[in-house]
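Taking it in order: structure first as structure tokens, then the write-up.
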Number of protein chains: 2
Amino acid sequence: MRRKELGPDKHVTIKDVAEAAGVSLATASRVLSGRGYASESTRERVNNAIRELNFRPNEMARMLTSQHTDSIGLVLKNLVDPYYGHLANGVLDRVHQLGYHVIVCATDENEQLEREHIEMLMRQRAAGIIAVPTGSNQESWQELINMGVKTVFIDRQVSGLGDVDTIQVDNVRGAHKAMSYLISLGHSRIGIINGPVYSQQYADRLKGYLDALTEAGIKPDQELQENLSSKSEDSTQAINRLLSLPKRPTALFMTNSSIANSAIFTLREYHLQIPDDISLIIFDDAPLAQINNPPITVVAQPMAAIGHLAMEQLDRILKQSEQQIQQPVQRIIISPELIIRSSCSSPKIKR
Amino acid sequence: MRRKELGPDKHVTIKDVAEAAGVSLATASRVLSGRGYASESTRERVNNAIRELNFRPNEMARMLTSQHTDSIGLVLKNLVDPYYGHLANGVLDRVHQLGYHVIVCATDENEQLEREHIEMLMRQRAAGIIAVPTGSNQESWQELINMGVKTVFIDRQVSGLGDVDTIQVDNVRGAHKAMSYLISLGHSRIGIINGPVYSQQYADRLKGYLDALTEAGIKPDQELQENLSSKSEDSTQAINRLLSLPKRPTALFMTNSSIANSAIFTLREYHLQIPDDISLIIFDDAPLAQINNPPITVVAQPMAAIGHLAMEQLDRILKQSEQQIQQPVQRIIISPELIIRSSCSSPKIKR
DNA sequence: ATGAGAAATGGAAACGCTTTCACATTAAAT
DNA sequence: ATTTAATGTGAAAGCGTTTCCATTTCTCAT
């Protein structure tokens with residue numbers, strides 16, 4: 001009387017298969033997994049039974065004995081932002097090819113939420129996790145790692161955590177590429193509207209900006225630099241200041257897409273022609289950049305590729321730990337790519 | 001000697017907890033789950049043990065006994081398309097609130113892939129699935145449902161499958177809204193560039209177009225209608241035809257965002273002013289529509305809300321089946337919303 | 001006191017699978 | 001023909017929980 005009366009027929013188990021094939025449980029399991037001896041004839045009988053009974057092994061039971069799952073946790077801010085969309089998609093591609101499956105968690109950059117997700121993934125005994133961490137919850141992450149959950153971070157790190165495999169975009173290099181391009185076009189008064197520099201990311205992009213200028217023998221002008229003071233600050237004001245400068249910059253470097261967004265809208269009010277009156281370049285390939293008229297030159301972070309890399313790396317770690325090999329932690333740094341469109345030209349001769 | 005030498009210390013089990021607390025396994029389990037008797041003092045001792053040992057129940061083991069998981073499968077095309085991004089995000093919101101977790105699968109509209117994912121979800125014994133099905137794999141879906149996996153489809157159905165709960169957008173109504181708006185502005189020569197009508201979706205949008213016209217006493221003009229013949233067909237040609245008509249339409253209704261995309265680009269070549277020379281309206285709120293200059297009026301499908309609804313519905317079904325209640329299958333139809341921006345105006349007096 | 005029912009606890013079976021171990025068979029090698 | 005090794009098979013012991021059942025210990029009315 002323990003059988004739930006409701007619902008479709010009780011699931012078919014390997015025991016049913018074994019009975020149907022007239023072999024023992026052990027034998028059925030052997031042909032199912034392909035490991036161990038089994039004569040051709042048995043193999044066939046069992047496989048027939050499997051097919052006829054429509055048997056699907058219960059992964060839960062399987063994991064319980066084998067003590068490892070095929071679950072990968074993917075923790076990121078959300079899925080709406082195409083930045084994360086591409087990342088997630090990249091991960092998904094590989095996940096499937098490599099035989100895992102993903103549990104996706106959106107944190108919305110909320111620490112509490114992130115903690116709950118980490119907790120859940122621990123209970124699910126996820127084999128590994130790929131995350132764009134919020135930066136806090138150091139304790140939870142540490143526990144997770146102690147539990148043996150292999151982890152790969154993307155783009156960000158969690159301080160005080162001991163080394164963790166990480167895949168990062170080279171922000172300095174990316175900003176440098178953008179700037180070199182602008183400089184090669186003849187620009188020297190290049191404005192930058194940057195995110196908050198307390199974030200490593202933006203500090204790096206600023207560094208790239210400064211380095212490129214200096215290397216080209218141009219003295220960076222403090223007047224042309226705007227660093228927002230928080231992630232949520234509206235950049236309109238900053239843009240207005242730059243555009244109202246007596247000697248307006250001939251080019252503008254916007255270090256993220258939300259800045260670019262307000263910039264574009266603000267620019268329209270000034271009725272400036274792009275690229276004739278001002279050249280534009282964005283760090284990050286937002287939809288905006290492709291759609292805008294004219295399309296905007298960007299430094300693109302290859303998010304899908306990063307997703308691929310992350311999953312491949314995770315897989316490697318997982319395989320290794322299975323064989324008791326302990327590889328040193330890696331930090332993979334990949335370089336963003338300059339996509340030249342139509343928003344930059346040589347600066348017009350000063351009137 | 002069975003203990004894996006590698007890796008972090010073996011997981012702590014409820015048995016360890018019980019020992020530490022000096023109680024039996026059964027008792028520990030009781031306080032863990034909060035079900036059944038347990039004196040205040042034991043409760044406390046066990047909880048202390050749990051905390052000190054950093055115990056996390058193994059959900060796999062738990063599911064094995066309880067015979068049900070908290071896994072929800074989410075099957076959709078990809079995560080890059082913001083349409084699906086919003087949907088997924090909506091689902092994720094509720095999933096977390098309701099205490100489940102999601103396994104996300106991207107099909108890329110590939111039947112083979114879809115089948116593999118369904119297979120995987122069966123083995124994982126997913127409690128339920130939310131899917132935007134490709135439309136094929138009827139057999140796999142049927143099996144899934146037979147296994148007792150509760151399913152909610154979004155936007156599409158799978159033919160020959162017996163009723164399945166579905167959440168749909170009212171495409172007729174949406175198209176009708178767009179058209180009514182245009183008509184109210186005074187348009188009567190309204191062109192439509194539509195997806196392939198073998199897809200119910202587009203058949204419905206066409207119907208909305210036709211209905212609205214007829215109701216307004218305007219005789220639909222075959223000349224103004226373009227229905228692509230496949231999902232991948234480029235719409236540039238269709239647009240060119242419409243724009244080169246001797247009597248050019250005063251407004252254009254584009255029934256999906258990829259059509260809108262090519263349309264916008266093509267339109268630029270004609271140097272037409274929007275909305276002065278031609279009014280534009282799109283079915284679907286693509287990034288393009290918001291960013292374009294001027295921003296484009298659209299009929300928006302509330303994908304996040306749909307995600308919410310889908311998950312709530314699934315939860316309801318799950319809860320019900322737990323209590324042996326069998327509710328009839330529902331088909332929830334929700335109406336898209338007209339978002340008025342700046343791409344439509346009254347038609348200019350004919351010259 | 002005493003017996004009845006409630007409260008607290010532990011033993012053990014069950015969930016579906018894998019894997020070790022031992023035994024039986026068969027084939028190969030002397 | 002006999003030893004040796006390679007094959008094929010089944011019994012049984014887990015894996016970490018929950019839950020049923022039985023037992024013991026309290027609480028109170030009587």
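Below, all heavy atoms of this structure are taken into account, side chains as well, without hydrogens, waters or symmetry copies. Labels below follow one simple rule: chain letters A, B, ... track the order of the sequence lines, proteins then strands, and each chain is numbered from 1.
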Show your working on salt bridge (charged side-chain N to carboxylate O under 4.0 Å, His left out) between B:R156 and B:E109 and close with a plain yes or no. CA-CA 12 Å; B:R156 310 213 274 242; B:E109 302 287 3; 2.8 Å; yes
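- Of all nucleotides listed (C:dG10, D:dT17, D:dT9), D:dT9 comes nearest to the side chain of A:S39.
- The side chain to side chain donor-acceptor pair (under 3.5 Å) test with A:N137 is passed by exactly one of A:H117, A:Q142, A:R115, A:Q112: A:R115.
- Atom CZ of B:F55 is separated from atom C1' of D:dG16 by 8 Å (rounded to the nearest Å).
- Toward the 5′ end of DNA chain D lies the nearest nucleotide of A:A28, the other residue of the pair B:R30 and A:A28 mapping further downstream.
- Distance, B:M122 CE to C:dG16 P: 16 Å, rounded to whole Å.
- Taking side-chain N and O atoms only, A:Y37 has no distance below 4.0 Å to OP1 or OP2 of D:dG8.
- Both A:M60 and B:E40 sit near DNA chain C, but only B:E40 has its closest nucleotide nearer the 5' end.
- Residue A:T13 is in sugar-phosphate contact alone, with no base atom involved, counting any heavy-atom pair closer than 4.0 Å across all strands shown.
- Here the side chain of A:R62 is nearest to one of C:dT18, D:dT9, D:dT18, namely C:dT18.
- Note: CZ (A:R43) to P (D:dG8) measures 8 Å, nearest angstrom.
- For the pair A:E59 CD and C:dC17 C1', the interatomic distance rounds to 10 Å; values are reported in whole Å.
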With side chain to side chain donor-acceptor pair (under 3.5 Å) as the criterion, how do A:H68 and A:R125 come out once you've worked through the C-alpha distance, each side chain's angles and the decisive distance to 0.1 Å? CA-CA 8 Å; A:H68 87 319; A:R125 300 294 189 268; over 6 Å; no
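- Side-chain proximity of A:A26 to the nucleotides D:dT17, D:dG8, D:dA11 is greatest for D:dA11.
- The side chain of B:S29 sits closest to D:dT18 out of C:dT9, C:dT18, D:dT18.
- In this structure, CZ of A:R35 is placed 17 Å from P of C:dC21, rounded to the nearest angstrom.
- Looking at which nucleotide of DNA chain C each of B:S24 and A:L25 is closest to, the 5′-most match is held by B:S24.
- For the pair B:Q67 CD and C:dA14 P, the interatomic distance rounds to 14 Å; values are reported in whole Å.
- For B:L32, counting side-chain heavy atoms from C-beta on, the closest listed nucleotide (C:dG10, D:dT18, D:dT9) is D:dT18.
- Once rounded to the nearest 0.5 Å, the distance linking CD of B:E59 with CD of A:Q124 reads 5.5 Å.
- A donor-acceptor pair under 3.5 Å links the side-chain atoms of B:N78 to the main chain of B:D81, judged by distance alone.
- When each of D:dT18, D:dG8, C:dT9 is scored by its nearest atom to the side-chain atoms of B:T42, the top-ranked nucleotide is C:dT9.
- Rounded to whole Å, atom C1' of C:dA8 lies 11 Å from atom CZ of B:R45.
- Rounded to a whole Å, the CG atom of A:L64 is 12 Å from the P atom of C:dC17.
- Within 4.0 Å of A:S33, counting heavy atoms only, lies no atom of the nucleic acid at all.
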